[in-house]
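One structure is given below, encoded as structure tokens.
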Amino acid sequence: MRVDPADLVARYGAGWSLIDTQERCRMVACDGAAFYLAARTYGAPWHVLLEEAGLRETLGDGPAPVTAETLIASGVAE
């Protein structure tokens with residue numbers, strides 16, 4: 001999902017950072033946590049906004065990441 005920076009500033013204040021931030025998953029029956037990614041522009045590579053080594057190590061425990069493009073290419077979504 002895309003994040004609205006204005007919404008984040010309204011909720012957490014201007015000094016809050018996405019780096020090393022995790023939020024509980026909002027999907028029904030999901031007990032996981034979400035972390036943030038950023039890209040400089042559309043189509044640019046995504047960068048994981050986790051600097052803390054302990055948080056980065058947990059990335060391998062989850063399912064493989066997917067994007068809308070990979071779901072369409074695999075025939076799962078249109």
Side-chain donor-acceptor contacts of residues 37-60 below 3.5 Å, not counting sequence neighbours, with atom names and distances?
unit_1 : atom_1 : unit_2 : atom_2 : d
Arg56  : NH1    : Leu50  : O      : 2.7
Thr58  : OG1    : Leu55  : O      : 2.6

Pairs meeting criterion ring-ring contact (aromatic ring centres under 6.0 Å, His included) with involvement of residues 7-37, two or more places apart | Tyr12-Trp16
How would you list all residue pairs meeting salt bridge (Lys or Arg N to Asp or Glu O under 4.0 Å) that involve residues 9-25, not counting sequence neighbours?
-> Asp7-Arg11, Glu23-Arg26
